[in-house]
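The structure displayed is predicted, hence computed values, not measured ones. Quick note on labels: first sequence line is chain A, next is B, and so on, each numbered from 1.
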2 protein chains.
Amino acid sequence: MKSAISILRQCGIQPTPQRIAVVESVLISTAHPTADEILVFARKKCPTVSRATVYNTLNLLVEKRLIGMQAIREGAVVFDPNIQKHHHFIDEDTGDIYDIPWDQFEVRGRKAFEDFEILDVQVIMRGKRRKK
Amino acid sequence: MKSAISILRQCGIQPTPQRIAVVESVLISTAHPTADEILVFARKKCPTVSRATVYNTLNLLVEKRLIGMQAIREGAVVFDPNIQKHHHFIDEDTGDIYDIPWDQFEVRGRKAFEDFEILDVQVIMRGKRRKK
DNA sequence: CCTTTTTTCTTGACATCGTCTAAACCGATA
DNA sequence: TATCGGTTTAGACGATGTCAAGAAAAAAGG
């Protein structure tokens, strides 16, 4: 995997210890962390990093399309290191979010939308993970 | 349209002036109001109603499946008087939410989910309304 | 009617999320 | 050293949403 520094440079963002900590925290994650979860994680690498910097950096990364931002859960936006098109399943018991491969669904009839310019489509499922 | 009182009675919720004001505010709406927007509206009918009561009543209505609750926008949950299955389009410029008829999309491949019990599915589109 | 009990409502406190601002803090350059 | 940009920080702020304690209102029972 590419280093955080080169990722930041490539996007024209000046690498700093704080930003590197945030990038490493969010890109390593396989889950869908909130900003405050990323803050906790980033402080393990850079103990002095502030909340504002984490928010600023995350917003920068979203702008540069290095990560996604999903408003699909109550309470807080979550960030998504997976920028491939995909769908989401949300476990209503735990709040956990699972990625669902893009081709798992067929979305049809999109042509009917003349009045709207569709920039993003996704299927959102909610339910419970079966106890097994 | 049914009166708010009979709707509440039918669900075993004691009708009170406060609850009636909330029910009328949210059921009359054709949009997707937030709790605070409903508070403002309800106060026109019942000026002393408090924030806590609005939140409590809305949660009651959601429990009884009289309205829907959608966590699809940043900042605040929105409530949805339309409880038929449907999809949503979100205008990223204005934050407006439009209902999309259920049969506008075909969602396939659902059988693949053995590990999950799917309680709700919807397609969420984001984009811009075309200026015309 | 008049109590008692239960339900509901309100107020205010509280926690969380996310943004903003002013000041401090670099690091490079002259 | 002095200065100049960009970056970070701490804290204030507003908005969302929940909670607890007491006030108020409604129901129940005599």
**Request:** Taking atom types as modelled, find out whether Asp99(A) and His32(A) have a side-chain donor-acceptor pair closer than 3.5 angstrom.
**Result:** yes

**Length of the line joining Gln18(B):CD and dA25(D):C1', which is rounded to integer Å** = 10 Å

**Message:** Please enumerate all residues that pass ring-ring contact (aromatic ring centres under 6.0 Å, His included) together with His86(B), with sequence neighbours excluded.
**Reply:** His88(B)

**Item:** Covered region of DNA chain C, 5' end to 3' end, by chain B [heavy atoms, under 4.0 Å]
**Value:** dT7(C) to dT11(C)

**Request:** Considering non-hydrogen atoms only, spot the tightest contact between Leu8(A) and Pro15(A) and give its length.
**Result:** CD1-CA, 3.9 Å

**Request:** Answer whether the closest heavy-atom distance between the side chains of Leu61(B) and Phe79(B) falls below 4.5 Å.
**Result:** no

**Request:** Return the value, rounded to whole Å, for the distance between atom CG of Leu8(A) and atom C1' of dG6(D).
**Result:** 15 Å

**Request:** Round to a whole Å and report the spacing from CD of Gln14(A) to C1' of dC4(D).
**Result:** 14 Å

**Asked** Is there a donor in the side chain of Asp96(B) and an acceptor in the side chain of Thr94(B), or the other way round, less than 3.5 Å apart?
**Response** yes

**Request:** Return no unless some side-chain N or O of Thr53(A) is found under 4.0 Å from OP1 or OP2 of dT9(D).
**Result:** yes

**Request:** Assign Thr16(A) to base, sugar-phosphate, or nothing according to its heavy-atom contacts below 4.0 angstrom with the strands shown.
**Result:** sugar-phosphate

**Prompt:** Does Ile83(B) belong to the same Ile/Leu/Val/Met/Phe/Trp/Tyr cluster as Val78(B), with side-chain heavy atoms less than 4.5 Å apart forming each link?
**Reply:** no

**Request:** May I have the distance from Leu58(A) (atom CG) to dT7(D) (atom P), rounded to whole angstrom?
**Result:** 16 Å

**Prompt:** Do you know which two heavy atoms are closest between Ile97(B) and Ile72(B), and how far apart they sit?
**Reply:** CD1-CD1, 4.1 Å

Would you tabulate the nitrogen or oxygen pairs shorter than 3.5 Å linking the protein to nucleotides 12-17 of chain D?
from	atom 1	to	atom 2	distance (Å)
dT16(D)	OP2	Asp36(B)	OD2	2.4
dG17(D)	OP1	Val77(B)	N	2.9
dG17(D)	OP2	Tyr55(B)	OH	3.3
dG17(D)	N7	Arg51(B)	NH2	2.4

**Message:** Using only atom types and a distance under 3.5 Å, with no angle test, would you say the side chain of Arg9(A) pairs donor to acceptor with the backbone of Gln14(A)?
**Reply:** no

